Amino acid sequence: NSKASVTVIGLGPMGQAMARAFLDAGHAVTVWNRTAARADELVARGAQLAPSAEAAVAANELVVLSLTDYDAVFAVLESVERVVAGKVIANLSSDTPERAREAARWLAERGAGHLTGGVQVPPSGIGSPESSTFYSGPVELFQRHRAALEVLTGADYRGDDPGLAQLYYQIQMDLFWTSMVGYLHATAIAEANGISAEEFLPYLSSTAASLPGFQAFYAPRIAAGNHAGDVDRLTMALAGIEHVRHTAEASGVDGALPAVLAEAFRRGVEAGNGAASLTSLVGQFRRA
Ligand code: NDP
């Protein structure tokens, strides 16, 4: 077998999908999980279950971590401290950029490498090259293990700073959560008025499809600090979001979400940006 053997620690839905993908691609895989029974199916498929986290790390140079968060990461790392020197920890657990930097420092002090990964797909997307994971950390470590990591998803290397992969991940998640909640809120108003989620779907889709055009128009202006109100004005946005709030409330739907937006718009107007674009909120958010 010419393919590098790998270790996967953390067998939640994500770690299991990762270990399966490595096995399917012909890699020898050593696994460990705090709750050993979660390895049963993988062992049946040919994975080696290590008797301890330490044994799992000792087994291979490349160690993939898929743990709930970095509290779990540090719990595992501290238990393997004696054997980490020379290892490359591809940490695909989610947390903040600062925690990723902390883990990278901790490992560097012990002679080990850290690659941060921010996985952008659910477990069902693991094993597809169209899926994408942000990576950051020392470029030579990334290049050395790129082929193995690409068994899991496509790899988007963002740079040397170990925080970058989590930063990109969290920025994307900011957009994801707020967009999904916007979708659910709009659907609640639709359903409260007898329009089913499915009936609403084509309208939702066409509005969602218009967003990239707006973003492509505004991005260079935001980058240039140009928030001119020649296309849209914050006063108009404030009136608009209040209409949404009133429509929600008249439908028996909680108006708290549009009220948060209205509050942000109002602060902008009060700060003198009423005649500027909605994009002036970027500066307002940064000051907050
Ligand atoms: P889970 O929380 O279901 O699984 C996490 C694993 O962490 C389990 O194996 C669990 O062990 C282990 N664990 C938790 N705490 C500790 C600890 N203190 N010591 C040792 N092991 C611990 O997460 P997922 O599998 O869903 O996801 C893994 C990572 O991938 C997360 O960081 C998540 O944010 C990220 N991710 C997940 C996505 C998804 O859709 N699931 C999408 C994108 C990223 P045990 O079995 O013993 O409880």
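Predicted model only: the values in this text are computed from it and were never measured. Both counts, for ligands and for their atoms, begin at 1 and track the order of listing.
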* To do: Determine, using the 4.5 Å side-chain heavy-atom cutoff (strictly less than), whether Phe142 and Leu65 are members of one ILVMFWY cluster.
  =>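 No: no chain of side-chain contacts under 4.5 Å links Phe142 to Leu65.
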* Going only through I, L, V, M, F, W and Y residues with side-chain contacts under 4.5 Å, is there a path from Val260 to Leu257? ->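 Per the 4.5 Å side-chain linkage, Val260 and Leu257 are not co-clustered.
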* Do Leu92 and Met14 have side chains that get closer than 4.5 Å, going by heavy atoms? ->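 Side-chain contact under 4.5 Å: no.
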* **4.5 Å side-chain heavy-atom contact, Phe22 and Leu152** =>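 Contact flag for Phe22/Leu152 side chains = yes.
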* Where ligand 1 meets Val76 - atom numbers and elements under 4.0 angstrom, heavy-atom basis ->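 Listed by number with element: 20 (C).
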* **Element-labelled atoms of ligand 1 that are located less than 4.0 Å from some non-hydrogen atom of Leu11** =>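 Ligand 1 atoms under the 4.0 Å threshold to Leu11: 9 (O).
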Regarding ligand 1, does [X] bring an N or O atom to under 3.5 Å of one of the ligand's N or O atoms?
{"X": "Met14", "answer": "yes"}
{"X": "Gly10", "answer": "no"}
{"X": "Leu67", "answer": "yes"}
{"X": "Tyr169", "answer": "no"}
{"X": "Pro13", "answer": "yes"}
{"X": "Arg34", "answer": "yes"}
{"X": "Asp69", "answer": "no"}
{"X": "Pro122", "answer": "no"}
{"X": "Thr35", "answer": "yes"}

* **Distance-only donor-acceptor check, side chains Ser5 and Asn60, under 3.5 Å** =>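 Yes, Asn60 and Ser5 have a side-chain donor paired with an acceptor closer than 3.5 Å.
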* **salt bridge (charged side-chain N to carboxylate O under 4.0 Å, His left out) between Glu263 and Arg266, intermediate numbers included** => CA-CA 5 Å; Glu263 182 48 35; Arg266 190 170 292 112; 3.7 Å; yes
* Given Thr116 and Asn91, is the side chain to side chain donor-acceptor pair (under 3.5 Å) satisfied, shown in steps? -> CA-CA 5 Å; Thr116 313; Asn91 190 355; over 6 Å; no
* To do: Identify which of Thr68, Asn91, Ile126 has a heavy atom lying nearest to atom 7 (O) of ligand 1.
  =>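 It is Thr68 that holds the nearest heavy atom.
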* Counting heavy atoms only, name the option from Met173, Met18, Arg38 that's nearest to atom 46 (O) of ligand 1. =>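 It is Arg38 that holds the nearest heavy atom.
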For [atom], find the nearest protein heavy atom and state the residue, atom name and distance (0.1 Å precision).
{"atom": "atom 6 (C) of ligand 1", "value": "Ser66 O, 3.7 Å"}
{"atom": "atom 4 (O) of ligand 1", "value": "Gly12 CA, 3.5 Å"}
{"atom": "atom 15 (N) of ligand 1", "value": "Ala72 CB, 3.3 Å"}
{"atom": "atom 11 (O) of ligand 1", "value": "Asn33 OD1, 3.5 Å"}
{"atom": "atom 40 (O) of ligand 1", "value": "Pro123 CD, 3.3 Å"}
{"atom": "atom 43 (C) of ligand 1", "value": "Val119 O, 3.3 Å"}
{"atom": "atom 34 (O) of ligand 1", "value": "Ser94 OG, 3.0 Å"}

* Just one of Asp232, Leu234, Leu238 clears the side chain to side chain contact (heavy atoms under 4.5 Å, CB included) bar with Met236, so which one? ->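 Among the candidates, only Asp232 passes.
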* Asked: If you measure from the Lys or Arg side-chain nitrogens to the Asp or Glu carboxylate oxygens, is any gap between Glu242 and Arg245 under 4.0 Å?
  ->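 Arg245 and Glu242: salt-bridged.
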* To do: Answer yes when Arg105 and Glu98 have at least one side-chain N-carboxylate O distance shorter than 4.0 Å, and no when they do not.
  =>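 Answer for the salt bridge query: yes.
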* To do: To the nearest 0.5 Å, tell me how far Arg110 CZ sits from Arg82 CZ.
  =>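 Here the interatomic distance stands at 14.0 Å.
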* Val121 touching ligand 1 at heavy-atom level, < 4.0 angstrom ->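 Checking ligand 1 against Val121, which is what was asked, there is a heavy-atom contact under 4.0 Å.
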* Asked: Does even one non-hydrogen atom of Leu92 get within less than 4.0 Å of ligand 1?
  ->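 Within the 4.0 Å threshold, so yes.
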* Donor-acceptor pair, side chain of His185 and main chain of Asp254, under 3.5 angstrom ->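 Between the backbone of Asp254 and the side chain of His185 there is a qualifying donor-acceptor contact (under 3.5 Å).
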* For Gln284 and Ala264, indicate whether the former's side chain and the latter's backbone hold a donor-acceptor pair under 3.5 Å. =>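 Yes, Gln284 side chain to Ala264 backbone: donor-acceptor pair under 3.5 Å.
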* **Pi-cation contact, Tyr168 with Arg158 (under 6.0 Å, within 45°)** =>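 Because its charged atom sits under 6.0 Å from the ring centre and within 45° of the axis, Arg158 does stack over Tyr168.
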* Asked: Would you say atom 18 (N) of ligand 1 has a protein heavy atom nearer than 4.0 Å?
  ->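 Under 4.0 Å from atom 18 (N) of ligand 1, at least one protein heavy atom found.
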